[in-house]
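The structure under discussion appears below in the form of structure tokens.
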Number of protein chains: 2
Amino acid sequence: MIHEKMVELVARRFQVLGEPCRLRILQALEGGPRTVSEIVGDLDGNQPNISKHLQILFDAGLVGRERSGNSVFYSVADPVVFKLCELVCRSTARHATHLGQYAAGTRRRSGIQTQKSHLRSKVGSLQGVN
Amino acid sequence: MIHEKMVELVARRFQVLGEPCRLRILQALEGGPRTVSEIVGDLDGNQPNISKHLQILFDAGLVGRERSGNSVFYSVADPVVFKLCELVCRSTARHATHLGQYAAGTRRRSGIQTQKSHLRSKVGSLQGVN
DNA sequence: TCACTATATAATTATACATGCATATAGCTA
DNA sequence: TAGCTATATGCATGTATAATTATATAGTGA
């Protein structure tokens, strides 16, 4: 059992990771610290937007930063993010594979199978949905 | 380097995990499959809301479901979610600890330290902002 | 068939958030 | 100081999403 406050903090971290642009930023930082300009160059977003995402990542403690002269270098604060991405990546690939099997196979569309209906039919549905 | 489509899929999964209510649902499922009613009983949300969150978790492939008579049993589809939560939990705890140290120590407010200013002062700031 | 339980869905509202543009601020150099 | 570069912030806007209420649908048993 986890405390309510902790659940919210953990959820917030997942939420911060749940943005394609921010994942790409972390990816760009995988090789080491980079300045904002460099990151903007790697990705195709505009500078203010990248800066705002970097701020969000920083507030979440996922990246660190240090000013060097006129530039600010950002770096991944906790390498665990790469582990997380790897795990989710694998899991996502598995899920996509399953979806592909279903699509290529029975053409069933993710409905709930009644235990009984499961015995008489390959195609279950939940209130005719999906 | 990861494909753009994959980045979006992974981000979507993180986003689905980035909701306190959904984390609590997964927590409730840690002991094994449960019906919607049971989950609603464990948490304090109302039934339609829980059902919608369950649908989102299902679409993301994070839970599976099977109807049994009048009830629908939901279960965790991929135990990797618990690993993810554990990793984020630890990382979050570390981050919170650091914040605590800063707060108790120099009272600095997470500004960027210039390399030079770092040498002459313990308190850095970035445009006077946090 | 009807009544009942369990679950899902629709419609609404309020809020959070990403984006883009304009602008402000910090640091450097002359 | 002024001008330049790099970065951050404010504001406006559109979109996504969570919560709530009411309702619809599936299954069960009489």
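Per chain, numbering begins at 1; letters A, B, ... match sequence-line order. Everything quoted here is computed from the prediction, not taken from an experiment.
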Quiz item: Any side-chain heavy-atom pair from A:T92 and B:M6 closer than 4.5 angstrom?
Solution: yes
For nucleotides 21-23 of chain D, print each protein N/O atom paired with a nucleotide N/O atom at under 3.5 Å, atom names and distance only.
none

Quiz item: So which pairs with a foot in residues 20-41 of chain B pass salt bridge (charged side-chain N to carboxylate O under 4.0 Å, His left out), sequence neighbours left out?
Solution: A:E4-B:R24, B:R34-B:E38, B:R34-B:D42
Quiz item: Hey, does B:D59 have a side-chain heavy atom less than 4.5 Å from the side chain of B:V16?
Solution: no
Self-check item: Any residue of residues 30-40 of chain B with a heavy atom less than 4.0 Å from an atom of DNA chain D
Solution: none
Exercise. For A:S71, answer base if it contacts any base atom (sugar-phosphate contacts may also be present), sugar-phosphate if it contacts only those atoms, and nothing otherwise; contact means non-hydrogen atoms under 4.0 Å.
Key: sugar-phosphate
Exercise. Would you mind classifying the nucleic acid contact of B:I56 as base, sugar-phosphate or nothing, using non-hydrogen atoms under 4.0 angstrom?
Key: sugar-phosphate
Quiz item: Given atom CG of A:D59 and atom P of D:dA8, what is their separation to the nearest angstrom?
Solution: 12 Å
Quiz item: Has B:H53 got a side-chain N or O lying under 4.0 Å from the OP1 or OP2 atom of D:dT17?
Solution: no
Quiz item: C:dA26 C1' sits how many Å from A:R65 CZ, rounded?
Solution: 13 Å
Between the protein and nucleotides 2-5 of chain D, which nitrogen or oxygen pairs are less than 3.5 angstrom apart?
from, atom 1, to, atom 2, distance (Å)
D:dT5, O2, A:N70, ND2, 2.6

Quiz item: Can you find a heavy atom in the side chain of B:V76 that is under 4.5 Å from one in the side chain of B:L62?
Solution: no
Quiz item: Rounded to the nearest Å, what distance is computed from the CZ atom of residue B:R67 to the P atom of nucleotide D:dA26?
Solution: 9 Å
Self-check item: N or O in side chain of A:Q55 less than 4.0 angstrom from D:dA8 OP1/OP2
Solution: no
Quiz item: Atom CG of A:L54 to atom C1' of C:dA18: distance rounded to whole Å?
Solution: 14 Å
Practice problem: Taking side chain to side chain contact (heavy atoms under 4.5 Å, CB included) as the test, write out the residues that go with B:A11, two or more places apart. | Solution: A:P20, A:L23
Practice problem: Check whether any side-chain heavy atom of A:F14 lies under 4.5 Å from a side-chain heavy atom of B:L84, and answer yes or no. | Solution: yes
Practice problem: Only counting residues at least two apart or in another chain, list the ones meeting side chain to side chain contact (heavy atoms under 4.5 Å, CB included) with B:P48. | Solution: B:N46
Exercise. For the residue pair B:L9 and A:V88, establish whether any side-chain heavy-atom pair is separated by less than 4.5 Å.
Key: no
Practice problem: Could you tell me the separation between the CD1 atom of B:I50 and the C1' atom of D:dA18, rounded to a whole number of Å? | Solution: 12 Å
Exercise. Sequence neighbours left out, what passes side chain to side chain donor-acceptor pair (under 3.5 Å) with B:Q47? Give chain and number order.
Key: B:S51
Exercise. Please list all pairs passing the salt bridge (charged side-chain N to carboxylate O under 4.0 Å, His left out) test where one or both residues lie in residues 68-78 of chain A, with sequence neighbours left out.
Key: A:D78-B:R94
Self-check item: Sequence-distant partners of B:Q15, side chain to side chain donor-acceptor pair (under 3.5 Å), two or more places apart
Solution: B:R12
Exercise. Using only side-chain N and O atoms of A:Y74, determine if any of them is under 4.0 Å from OP1 or OP2 of D:dA8.
Key: yes
Quiz item: With B:E86, which residues qualify under salt bridge (charged side-chain N to carboxylate O under 4.0 Å, His left out), at least two apart?
Solution: B:R90
Exercise. Report yes if some heavy atom in the side chain of A:T35 is under 4.5 Å from a heavy atom in the side chain of A:S68; otherwise report no.
Key: no
Quiz item: Can B:S91 and A:R13 be said to form a side-chain hydrogen bond (donor to acceptor under 3.5 Å, both in side chains), step by step?
Solution: CA-CA 10 Å; B:S91 173; A:R13 286 213 144 178; 2.4 Å; yes
Quiz prompt | Within residues 6-25 of chain A: residues closer than 4.0 Å to DNA chain D (heavy atoms) | solution = none
